[in-house]
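One-based numbering, in listed order, for ligands and for the atoms of each. Index from 1, following the sequence.
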Amino acid sequence: MPFKDILFAQEGPVATITLNRPDNYNALAPNISSEMLAALEMCRNEREIRAVVLTGSGKAFCSGGDIKYFEQFAGSNPDEPVRRLLEPLHRVVMDIRQMPKPVLAAINGAVGGAGMSLALSCDLRIASRQAKFKQAYTSLGLAPDVGWSLWVGLLAGFGKASEMVFLDPVYDAEQAQGMGLVHRVVEQEELMTASGLMAEQLARGATQSFAIAKAGLNHAFLTLLERQLEVERQGVLNASLTGDYQEGLEAFLAKRKPSFKGC
Ligand SMILES: CC(C)(COP(=O)(O)OP(=O)(O)OC[C@H]1O[C@@H](n2cnc3c(N)ncnc32)[C@H](O)[C@@H]1OP(=O)(O)O)[C@@H](O)C(=O)NCCC(=O)NCCSC(=O)/C=C1/CC=CC=CO1
């Protein structure tokens, strides 16, 4: 299947999906999510595939929602791009969680907003030492979505989730590992080798056993996911109607600090 915004490769039992919009730091617009859905379906249906790697091309893993796409709707329909993006992205996250095979995020660089949600929805994460992590939503005048509040709350805890929401620091890979957001940190040049080796180990594992165990983990920890996605959907739509979001958008595009008014 020809893809425009992702690359798809299969080597034996390991499939690799690469987000491939490097000029926009692999930002998420509707087409890239649709292509991820198609690639995930192939991974699910192809019996030979027993492990999936998700990574990004260039300097970023994924910078979240595509701010240049949001800009096209600024003013008249500010919530429209959020609506258009959320529907396929929610399905991507559900498909990753319901994939009866392990999904490994190979985090090659910057991660922001919904890009973090995407990485955290995977089963395992290896990060390059050059990776950096930013919540990003609230600095844009939006609110976390795509399961972000659930993932970060579960993995890093309520305190760190609050720090990220209110202060929006940029964490490096070691800090992210210390918080439980990534499992391993390796040198940039070793990332794809280390990820490939881990994926091969996963692909040699008891795939049916992994599928049953993953369903059990989902049931124990993620029964709230669908409800959380709905709460976040409503939240980010409400936030997208504020003046502060307009300001956040303009400030990002003008490469300046936003001046929020609180409304
Ligand atoms: C922290 C960063 C991710 C990385 O910082 P840095 O390494 O300093 O890189 P920059 O110089 O800032 O950026 C490099 C170029 O990439 C462009 N870019 C970066 N992020 C985006 C983006 N999200 N959309 C479009 N383009 C992006 C940036 O303009 C630079 O291009 P030029 O060289 O041409 O100028 C940092 O980049 C950062 O903080 N990015 C923004 C993160 C962000 O705000 N993401 C959106 C959060 S909201 C979100 O994810 C929301 C939704 C909402 C609704 C539905 C669905 C999904 O998400």
Side-chain angles (χ1 to χ4, degrees), residues 5 19-34 36-37 56-74 77-94 107-121 127-149 151-152 164-165 167-173 175-176 181 188 228-242 244-258 260:
D5 291 334
L19 306 179
N20 192 32
R21 303 183 73 216
D23 292 347
N24 294 327
Y25 269 30
N26 301 319
L28 301 165
N31 187 61
I32 193 168
S33 299
S34 303
M36 269 193 281
L37 281 173
S57 62
K59 292 186 181 160
F61 173 78
C62 175
S63 60
D66 184 344
I67 296 173
K68 292 161 193 165
Y69 173 74
F70 294 167
E71 186 199 10
Q72 298 168 33
F73 299 84
N77 288 315
D79 55 345
E80 188 57 29
V82 178
R83 280 181 210 285
R84 291 192 193 186
L85 266 170
L86 274 182
E87 195 274 327
L89 254 188
H90 281 182
R91 284 198 285 137
V92 167
V93 163
M94 292 306 285
I107 303 174
N108 54 300
V111 181
M116 194 185 298
S117 311
L118 194 60
L120 299 181
S121 69
S128 140
R129 207 169 293 286
Q130 285 174 24
K132 52 183 167 185
F133 299 77
K134 185 172 161 68
Q135 174 265 130
Y137 294 98
T138 52
S139 292
L140 198 65
L142 288 177
D145 60 15
V146 200
W148 189 97
S149 345
W151 310 129
V152 180
M164 292 166 88
V165 162
L167 302 177
D168 199 14
V170 176
Y171 296 116
D172 64 26
Q175 289 171 309
L181 296 180
Q188 173 74 13
Q228 190 68 18
L229 289 175
E230 182 48 31
V231 167
E232 289 181 336
R233 189 183 76 86
Q234 203 49 59
V236 72
L237 282 169
N238 290 342
S240 72
L241 297 171
T242 63
D244 280 347
Y245 165 63
Q246 291 299 323
E247 166 61 10
L249 207 57
E250 283 167 28
F252 181 84
L253 294 166
K255 296 184 190 286
R256 63 167 171 81
K257 280 197 183 317
F260 291 130

Ligand-residue contact atoms, ligand 1 with Ala27, heavy atoms, under 4.0 Å: 22 (C), 24 (N), 25 (C)

Atom indices of ligand 1 within 4.0 angstrom of Leu89 heavy atoms, with elements: 56 (C), 57 (C)

Within-4.5 Å side-chain heavy-atom neighbours: Tyr137 and Ser117: yes

Nitrogen or oxygen atoms of Leu140 and ligand 1 under 3.5 Å apart: no

Option nearest atom 55 (C) of ligand 1 (shortest heavy-atom distance, choices Val146, Asp66, Leu85): Leu85

From Phe133, Tyr25, Phe252 - option closest to atom 40 (N) of ligand 1 by heavy atom: Phe252

Ligand-side contact atoms (ligand 1) for residue partner Lys134, heavy atom cut-off under 4.0 Å: 1 (C), 39 (O)

Contact check, side chains of Lys132 and Asp172, non-hydrogen atoms, under 4.5 Å: no

Flag side-chain contact, heavy atom, 4.5 Å: Leu249 against Ile67: yes

Close approach of Ala136 to ligand 1, heavy atoms, under 4.0 angstrom: yes

Heavy atom of protein inside 4.0 Å of atom 36 (C) of ligand 1, strictly below: no

Electrostatic pair Glu87:Arg83 at N-O distance under 4.0 angstrom: no

Ser57 and Asn20 side chains, donor-acceptor separation under 3.5 Å: yes

Proximal atoms of ligand 1 relative to Lys68 (non-hydrogen, under 4.0 Å): 17 (C), 26 (N), 29 (O), 31 (O), 34 (O)

Nearest-contact summary for atom 44 (O) of ligand 1 - protein heavy atom, Å: Ile67 CD1, 3.5 Å

Option with minimal heavy-atom separation from atom 48 (S) of ligand 1, where the choices are Phe61, Trp148, Tyr137, Tyr245: Tyr137

Check against side chain to side chain contact (heavy atoms under 4.5 Å, CB included), Val146 and Leu86: CA-CA 7 Å; Val146 200; Leu86 274 182; 4.0 Å; yes

Worked check of salt bridge (charged side-chain N to carboxylate O under 4.0 Å, His left out) between Arg233 and Glu230: CA-CA 5 Å; Arg233 189 183 76 86; Glu230 182 48 31; 3.0 Å; yes

Closest protein heavy atom to atom 54 (C) of ligand 1, given as residue, atom name and distance to 0.1 Å: Asp145 OD2, 3.2 Å

Contact check, Val82 vs ligand 1, heavy-atom distance below 4.0 Å: yes

Atom 33 (O) of ligand 1: nearest protein contact (heavy atom, Å): Lys255 NZ, 4.3 Å

Option of least heavy-atom distance to atom 7 (O) of ligand 1 (set: Lys132, Arg84, Lys59): Lys132

Option with minimal heavy-atom separation from atom 45 (N) of ligand 1, where the choices are Pro22, Ser63, Ala239: Ser63

Heavy-atom protein neighbour under 4.0 angstrom from atom 26 (N) of ligand 1: yes

Those atoms of ligand 1 less than 4.0 Å from some heavy atom in Leu86: 55 (C), 56 (C)

Residue, atom name and distance, where the atom is the protein heavy atom closest to atom 2 (C) of ligand 1: Ala110 CB, 4.4 Å

Nearest protein heavy atom with distance in Å, relative to atom 46 (C) of ligand 1: Gly65 O, 3.6 Å

Polar contact flag for Ala114 and ligand 1 (N/O pairs, less than 3.5 Å): yes

Shortest non-hydrogen contact between Ser128 and Ala173, atoms and distance: O-CB, 3.4 Å

Enumerated ligand 1 atoms positioned under 4.0 Å from heavy atoms of Gly64: 50 (O)

